[in-house]
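Inspection log for the structure reproduced underneath, given as structure tokens.
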Amino acid sequence: MNRLRRLNTKKVIITIIMFAIGLLFLMPFIWMLSASLKAETNVFSYPIKWIPSDWKWDNYSRVWFGEQPFILYYWNSIKVTVLTTLLSVTVSALAAYGFSKIHFKGRNALFLIVLATFLIPAQAILVPQFMMYRVLNLFDTHLGLILLNSFSVLGTFLLRQFFSSIQDDYIDAAKMDGASHFTIFYKVVVPMMIPAISTYAILRFIWTWNDYQGPLIFLRSDHLSTIQLAIERFSTSSGELYSLIMAGSVSAILPLIIIFIIGQKYVIEGIARGGVKG
């Protein structure tokens with residue numbers, strides 16, 4: 001009885017500590033959300049008023065319908081991010097299946113070569129990429145930006161680790177029924193690996209949505225700009241209007257929060273499955 005009571009007390013203490021740590025991490029976002037709904041004169045008031053006394057919802061209307069067309073930038077980011085995520089997940093999953101379930105000569109050596117390219121810093125190949133994009137007429141296009149992030153060594157590596165946990169007996173049974181590798185991939189492997197694929201899809205969505213370097217270098221036209229470029233230009237043009245800058249930042253972060261809330265169960269399940277082999 002005493003042991004059970006000690007265990008319960010320990011769980012309560014750990015829960016309280018974890019809640020406090022979680023709240024600490026959330027405080028910057030809470031302050032940003034609060035500041036976005038305040039009058040400019042109250043943003044840096046001391047002591048901090050976490051709940052605004054006068055709610056300024058028009059801060060968001062000024063951001064969305066002001067000089068910077070946030071709706072256009074949002075659409076650009078959504079288009080680029082969704083298409084990049086779909087293409088990257090498809091390519092990485094197919095490559096991971098090939099490296100984990102298709103036996104061919106030199107497979108491990110080829111995978112090591114692919115994996116070794118991950119050691120090359122992205123900044124080191126920017127100039128060759130830029131020159132190649134100019135030759136291929138992909139510069140200043142959304143297609144070029146989509147292709148830029150659609151081939152991920154890290155995604156291939158992560159999904160290969162998950163695919164390797166699938167027993168070969170499933171693959172062999174499908175082959176005996178006359179299924180091709182394409183059929184096995186989509187009808188056998190993918191349904192079993194939905195948590196892993198969803199985990200990588202969420203990560204790729206977040207990485208692409210937050211990408212600032214790619215659009216900055218490979219886009220020039222204002223009507224093609226993504227939300228990250230828009231935030232930078234808006235913060236520059238708004239000067240000291242921190243309430244508007246915070247409203248724009250909240251608008252940029254909101255899709256990421258929605259995506260994570262929707263897909264968090266897949267992330268947790270994917271991590272749990274990744275830790276269990278057999």
Side-chain angles (χ1 to χ4, degrees), residues 18 22 77-120 122 143 145-211 254-278:
M18 296 302 295
S77 284
I78 290 173
K79 179 174 68 173
V80 170
T81 303
V82 170
L83 292 179
T84 299
T85 301
L86 291 175
L87 185 57
S88 181
V89 169
T90 302
V91 172
S92 297
L94 286 170
Y97 175 79
F99 283 124
S100 61
K101 296 304 177 184
I102 299 179
H103 300 279
F104 57 90
K105 187 176 181 179
R107 183 186 68 173
N108 294 333
L110 181 59
F111 179 70
L112 287 176
I113 293 174
V114 173
L115 195 61
T117 62
F118 186 66
L119 301 177
I120 303 174
L143 177 60
L145 199 60
I146 291 169
L147 293 177
L148 187 67
N149 294 316
S150 294
F151 305 95
S152 172
V153 177
L154 180 60
T156 301
F157 172 75
L158 291 176
L159 292 181
R160 179 184 178 274
Q161 299 306 107
F162 282 104
F163 284 13
S164 297
S165 65
I166 298 177
Q167 296 293 333
D168 289 337
D169 295 342
Y170 296 106
I171 311 298
D172 295 336
K175 287 181 180 179
M176 292 181 63
D177 290 337
S180 63
H181 280 297
F182 186 81
T183 303
I184 295 172
F185 174 75
Y186 278 102
K187 292 188 176 181
V188 178
V189 176
V190 170
M192 296 175 65
M193 289 290 102
I194 289 296
I197 294 174
S198 299
T199 299
Y200 174 64
I202 292 171
L203 293 176
R204 171 48 62 189
F205 186 96
I206 294 173
W207 294 337
T208 306
W209 183 272
N210 287 331
D211 184 27
L254 190 59
L256 302 181
I257 296 176
I258 295 174
I259 288 296
F260 187 78
I261 291 176
I262 294 174
Q264 63 176 332
K265 66 176 183 179
Y266 295 109
V267 174
I268 296 173
E269 187 176 348
I271 293 173
R273 180 171 295 187
V276 179
K277 302 293 183 182

Legend entry - Spacing of L203 atom CG and T208 atom OG1 [to the nearest 0.5 Å]: 10.5 Å

Legend entry - Heavy-atom pair of closest approach, residues D211 and N149: OD2-ND2, 3.5 Å

Inset, instruction - Measure the spacing between OG of S180 and NZ of K187 and express it to the nearest 0.5 Å. - result: 9.0 Å

Legend entry - Min side-chain heavy-atom separation W209-V80 under 4.5 Å: no

Inset, instruction - Would you give the length of the straight line joining atom OG1 of T81 to atom CD1 of I146, rounded to the nearest 0.5 angstrom? - result: 9.0 Å

Legend entry - V190 and Y97, any side-chain heavy atoms less than 4.5 Å apart: no

Legend entry - Where F104 and G98 come nearest, the two heavy atoms and their spacing: CE2-O, 3.8 Å

Legend entry - T85 backbone acceptor or donor facing S88 side chain under 3.5 Å: no

Inset, instruction - Over all heavy atoms of both residues, which pair between G155 and Y200 is shortest? Give the atoms and the distance, please. - result: CA-CE1, 3.4 Å

Inset, instruction - Could you tell me the separation between the CD1 atom of I197 and the CZ atom of R204, rounded to the nearest 0.5 Å? - result: 15.0 Å

Inset, instruction - Taking all heavy atoms of L145 and all of T84, pick out the closest pair and write down the distance. - result: O-OG1, 4.4 Å

Inset, instruction - Measure the shortest side-chain to side-chain distance between F157 and Q161 over non-hydrogen atoms and say whether it is less than 4.5 angstrom. - result: yes

Inset, instruction - Kindly compute the distance separating CD1 (I78) from CZ (F205), expressed to the nearest 0.5 Å. - result: 7.0 Å

Legend entry - Beyond-backbone contact of T117 with F151, side-chain heavy atoms, under 4.5 angstrom: no

Legend entry - Nearest heavy-atom neighbours spanning A93 and F185: O-CE1, 3.4 Å

Legend entry - Separation between CD1 of I259 and CG of L256, rounded to the nearest 0.5 Å: 8.0 Å

Legend entry - Heavy-atom check, side chain of L87 versus side chain of L83, under 4.5 Å: no

Inset, instruction - Please examine the side chains of K175 and I184, heavy atoms only from C-beta on, and report whether any two atoms are closer than 4.5 Å. - result: yes

Legend entry - Minimum-distance pair of heavy atoms, taken over all atoms of R160 and F99: NE-O, 3.6 Å

